[in-house]
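Throughout, residue positions are numbered sequentially from 1 according to the sequence presented. Only this structure's heavy atoms are used, side chains among them; waters, hydrogens and symmetry mates stay out.
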Amino acid sequence: MDLYQHFRKEEYPFIDQVLSWRDHVTTRYESKVIDFLHPREQRIFDTIIGNDEEIQLHFFGGWELAERKRAVLAPYYEEISNDSFEVVLLQATFPQKFVSIEHPDVLGSFLSAGIKRKKIGDIVIYEDTIQIVVAEDIMTYLITNITSIKKAGVSFEKVPLTNRLPSQDKWQELTTTCASLRLDVLIKEIYQMSRQQALNLIKKGYVKVNFQTIDQPAFLLEDGDLLSIRGKGRSRIKELQGRTKKDKIRITYEKLL
């Protein structure tokens, strides 16, 4: 059976990478630490590795409910712990009275400093505190080079993972039915707008699926896809529940409040 037929064409390079990682572990008998993956990539990775008895696959993002996680692919006999994932938690504070800092501000500062997105895990901002999970190998560079965010001076330091602040994200679970899994159709249903409004957002480049801008209204969504629309927030497909008696697709999705 052709493995690729189960995935989207734009996902083929990632599938090739997963197969390369698997070959590395099975031929060299050594573990492989993978940079942070978004939920869709985690799902693909897990699907490909499946129930292979010769290797084991684990994910960890610093806390149980993390969205972005690193992976460890290892021989079946190797013992895996949280330390195996080589992640650290960094924390900084800012003068909340004088400046408001949000998730895009923090991520933008990191990317502007030349840090690759795949080296960065989840970001939590609570009151005057910023916490971010990152790959251990960029910790020193980050602490040295990120000294301000949105004109506010910051000083990041390593703190224990056990000090992790709870995520401030609140997701609402909802169910709907739709005629198809086309991007424009689901935007219409999830965000309660007209089909034309959905098309306009897509054409303007305001819509991302799994962090990639999608400009094709006919793009088909799948389980685990994360949808974000500029100015409208984020949502994610949790489960496809089959078809109704009227031949519509019933889906469970979550919307960020």
Please check if Ile80 and Leu57 belong to a single hydrophobic cluster, counting links between Ile, Leu, Val, Met, Phe, Trp and Tyr side chain heavy atoms closer than 4.5 Å. no
Under the criterion side chain to side chain contact (heavy atoms under 4.5 Å, CB included), I'd like the reasoning laid out for Phe59 against Leu37: C-alpha separation, chi angles, the key distance, then a yes or no. CA-CA 9 Å; Phe59 298 103; Leu37 305 172; 4.1 Å; yes
Check against side-chain hydrogen bond (donor to acceptor under 3.5 Å, both in side chains), Gln196 and Asn200: CA-CA 6 Å; Gln196 188 57 52; Asn200 289 339; 3.2 Å; yes
Are any of the side-chain heavy atoms of Ile123 and Gln131 separated by less than 4.5 Å? no
May I have the step-by-step check of side chain to side chain contact (heavy atoms under 4.5 Å, CB included) for Lys158 and Leu90, ending in yes or no? CA-CA 5 Å; Lys158 180 182 177 182; Leu90 299 181; 4.0 Å; yes
Any ion pair linking Glu11 and Arg40 (charged N to carboxylate O, less than 4.0 Å)? yes
Where the side chain of Thr26 meets the backbone of Arg22, is there a donor-acceptor pair that is under 3.5 Å apart? yes
Quick one: does any side-chain atom of Thr244 pair with a main-chain N or O of Lys248 as donor and acceptor, under 3.5 Å? yes
Can a side-chain donor-acceptor contact be found between Gln241 and Thr252 if the only test is distance below 3.5 angstrom? yes
Without swapping roles, check the side chain of Glu254 against the backbone of Leu174 for a donor-acceptor pair under 3.5 Å. no
Looking at Arg236 and Asp225, is there a salt bridge between them, counting it only when a charged N and a carboxylate O are closer than 4.0 Å? no
Side-chain ion pair, Asp215 and Lys203, N-O less than 4.0 Å: no
Taking NZ, NE, NH1 and NH2 as the nitrogens, is one of them in Glu189 or Arg182 under 4.0 Å from a carboxylate oxygen of the other? no
Check: Arg43 main-chain N/O paired with Asp46 side-chain donor or acceptor under 3.5 Å: no
Hydrogens and angles aside, do Asp16 and Tyr4 bring a side-chain donor and acceptor to less than 3.5 Å of each other? yes
Between Tyr141 and Ala113, is there a donor-acceptor pair closer than 3.5 Å when you use the side chain of the first and the backbone of the second? yes
Please determine, by modelled atom types, if Tyr191 and Ser235 share a side-chain donor-acceptor pair under 3.5 angstrom. yes
Just checking, Arg8 and Phe14: is the charged tip under 6.0 Å from the six-membered ring centre and within 45° of the axis? no
Flag side-chain contact, heavy atom, 4.5 Å: Cys178 against Leu186: yes
Side-chain heavy atoms nearer than 4.5 Å, only ILVMFWY residues, links allowed to pass through others: does that put Val159 and Ile130 together? no
Working note: Val154 + Thr147, criterion side chain to side chain contact (heavy atoms under 4.5 Å, CB included); need CA distance, chi angles, decisive distance, verdict. CA-CA 5 Å; Val154 295; Thr147 56; 5.6 Å; no
Test of understanding: clusters of I, L, V, M, F, W, Y form through side-chain heavy atoms closer than 4.5 Å, transitively. Do Ile138 and Val106 belong to the same one? yes
Can you confirm whether or not the ring centre of Tyr77 sits under 6.0 Å from the ring centre of Tyr29? no
Salt bridge or not for Arg68 and Asp122, using N-O below 4.0 Å? no
If only atom types and distance count, is the side chain of Asp184 paired as donor or acceptor with the main-chain N or O of Ala198 below 3.5 Å? no
Kindly determine whether Thr47 and Phe7 satisfy side chain to side chain contact (heavy atoms under 4.5 Å, CB included), including the steps that lead there. CA-CA 10 Å; Thr47 299; Phe7 302 100; 4.0 Å; yes
